[in-house]
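Working notes for the structure below.
First the proteins, then the strands, lettered A, B, ... as listed; each starts at 1. Keep in mind the model is a prediction, meaning the values are calculated, not measured.
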Amino acid sequence: MTRVLSAVAWPYTNGPRHIGHVAGFGVPSDVFSRFMRMAGHDVLMVSGTDEHGTPILVLADNEGLPARELVDKYNQVIVDDLCGLGLSYDLFTRTTTGYHYAVVQEMFETCRRNGYMVEETTKTAISPSTGRTLPDRYIEGTCPICGYKEARGDQCDNCGNQLDPTDLIDPRSKINGETPEFKDTQHWFLDLPALAEALGEWLDQREATGLWRPNVIKFSQNILKEIRPRAMTRDIDWGIPVPGWEDQPTKRLYVWFDAVIGYLSASIEWARRLGEPEKWREWWNDAEAESYYFMGKDNIVFHSQIWPAELLAYNGKGDKGGEPGPYGTLNLPTEVVSSEFLTFGDSQFSTSRGNVIYVGDFLARYGPDPLRYYICAAGPETSDAAFTWADFVTRNNSELVAGWGNLVNRTATMIAKNFGEIPAAGPLEEVDEQVLATVRDGFTGVGDLIGKHRLRAAIAEAMRVVGEVNKYLTVTEPYKMKDESQRERLATVLHVAAQCVSDCNTLLSPFLPHAANKVHAVLGGEGELMPMPRIEQVDELEPDNGAGHTSYAVITGEYTSTPAWESRPVVVGARVDKPTPVFTKLDPSVVEEELARAAGEPA
RNA sequence: GGGGCGGUAGCUCAGUCGGUCAGAGCAGAGGACUCAUAAUCCUUGGGUCGUGGGUUCGAGCCCCACCCGCCCUACCA
């Protein structure tokens, strides 16, 4: 048994999440976490919404809402969506809690005490009307090199040259068109160069495991070459106050500094709510514990560089030495599991262009498991993957419904018709032994692949096993055994089939937990096979220290009843009625409907 | 501009150390069967492995150049 931290990327509360988001971090992390629990490991799965940063303020202005109300609104939507997908978080919280603030401030202070936070003066663009930092990307102007009128502050999209916002001719804010002011400002910088050697050693060690996806490890090592100090504070009035700068309300911690600390603060919050406030340490201080971080590729730098650098600084493990703070020596990531991007046809999902499929809409129309299946079978695991409605319908109908759903249905129908309960088996023939062995071997094959985060291959292997069981029924032809003399053989074949369906259901349960519960019931099982998360309203633990909530919704759950990753004998005599289909076949017309909907036409 | 990833059958993608690697699933075609949501099972896969060079006895797999797509480059997974 190993303690496994499943650290799942924190969705940003600037809108509802689309299916590309959950394809990147959500479903893969849940499949892995569910599997690891089944394999007997002690999993702690944490995440939450990431609610600070300039984009929130810009959007709040646009929507005419205070930032706090805006993040409350989208936090609620995201919580509903992720819980609806069945993502089995132990705690899904948020960054605007007093508890998170306290942990972030402690991390900051210890990093600073250890010498890894350096105060520097820089020139930054400020919005004169709001006094906020104007990030380079929010500034545009005329490119001094090619004369392109809409060059961004950080780069000209026309000639490709990297720019400094102060170089732009006629710079203006993309938010409101005003001319930014460039002025000197004080900020705390994380001294990444002083941590570079330790980071490099850690990455080399990680590379040696051979487990990281090659693009992630290579990218991470590469960005180490040009490492520079990075500002961990901002001129903004939305975020976590900077310790020591409480008298300057327009200085806050950089959103990414605090967001990654969420993995730690959520773990501590979880333990505290459990009533065992030190229990989180089993995942963070024990060097034997493992931690897996799930995200999209645009987040790699924050998880393979910034976050480990913060941890090393906290642990006092960089060039400047130092001592860990009260949280002790914290574990660095075992593995950074990054997905590529799911695209919508040929282009990226884009909320602003309306080229988007929201998780909530998808769940309402098709339910969680068809989406989970699609993401596992065709998701952006090692390269960008294109979602199309036609492909979704095809995979749903010809793989999920016709392959797996049909096997469940035909097996249960024959049992219901002939026995009404799972019959006891007579003597097994070779064909029976073979199919049972094939299914049992599936646990090794599928499990290894999930452990390596190869979900596409894993679910394909599980579906191959399903195909073997379908073949078994075709070969043994139980539906032809109508004579009384064949009754024992019929019972044997159907018993074996039921056993295989049950085992296939276990094999597929990390991917399709909702369907797993239905199949479990079809075979006369009692209760829930796979535990599900729930939404719970909780009280703020540090009401005086946070962003003003007194209570908020979290996703949590009780997962100790998770079944083991192994074949479990079916219960002879368990009642089996004529089943209703577990999966729904989709009419091909939904492709047209969805395309019309995307085009903004009434469906 | 710099860095990264990718371009393999109609579609979506596998191809670890260079030598049965030219593959899988789906779609299509033919056949069998009927328990099942017309589902299942069997048979059927000549695609210049983006382009042009190079290294090698031998290259999707290594090197060079080029074309195309995507991502990162201080705040959209």
Could you give the distance separating [M] and [N] at their [atom1] atoms, to the nearest angstrom?
{"N": "B/C61", "M": "B/G52", "atom1": "P", "value": "13 Å"}
{"N": "B/C68", "M": "B/U51", "atom1": "P", "value": "15 Å"}
{"N": "B/U34", "M": "B/C17", "atom1": "P", "value": "49 Å"}
{"N": "B/G19", "M": "B/G60", "atom1": "C1'", "value": "14 Å"}
{"N": "B/C49", "M": "B/A24", "atom1": "C1'", "value": "15 Å"}
{"N": "B/A22", "M": "B/C13", "atom1": "C1'", "value": "15 Å"}
{"N": "B/C63", "M": "B/G1", "atom1": "C1'", "value": "25 Å"}
{"N": "B/A29", "M": "B/U37", "atom1": "C1'", "value": "24 Å"}

Spacing between [X] atom [atom1] and [N] atom [atom2], to the nearest angstrom:
{"X": "A/Leu57", "N": "B/C76", "atom1": "CG", "atom2": "P", "value": "13 Å"}
{"X": "A/Asn397", "N": "B/A38", "atom1": "CG", "atom2": "C1'", "value": "12 Å"}
{"X": "A/Leu342", "N": "B/C76", "atom1": "CG", "atom2": "P", "value": "19 Å"}
{"X": "A/Phe25", "N": "B/C76", "atom1": "CZ", "atom2": "C1'", "value": "12 Å"}

Starting from the 5' end of RNA chain B, give me the residue, A/Thr474 or A/Glu340, whose nearest nucleotide shows up first.
->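 Its nearest nucleotide being more 5', the pick is A/Glu340.
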
On RNA chain B, nearest-nucleotide positions of A/Arg228 versus A/His303: which is more 5'?
->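 It is A/Arg228 whose nearest nucleotide is closer to the 5' end.
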
Check whether the side chain of A/Asn406 and the base of B/A36 form a donor-acceptor pair under 3.5 Å.
->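 Side chain to base: pair present.
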
Got a salt bridge between A/Lys452 and A/Asp448, using NZ or NE/NH1/NH2 to carboxylate O under 4.0 Å?
->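 Not counted as a salt bridge, because no side-chain N and carboxylate O are separated by less than 4.0 Å.
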
With the threshold set at 4.0 Å, does a side-chain nitrogen-carboxylate oxygen contact exist between A/Glu335 and A/Arg213?
->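 The answer is no: the pair does not qualify as a salt bridge.
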
Minimum heavy-atom distance A/Ile240-A/Asp258, with the two atoms named =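 Closest heavy-atom pair between A/Ile240 and A/Asp258: CD1-CB, 3.5 Å.
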
Does a nitrogen or oxygen in the side chain of [X] sit under 4.0 Å from OP1 or OP2 of [N]?
{"X": "A/Lys297", "N": "B/C72", "value": "no"}
{"X": "A/Lys578", "N": "B/C35", "value": "no"}
{"X": "A/Arg410", "N": "B/A38", "value": "no"}

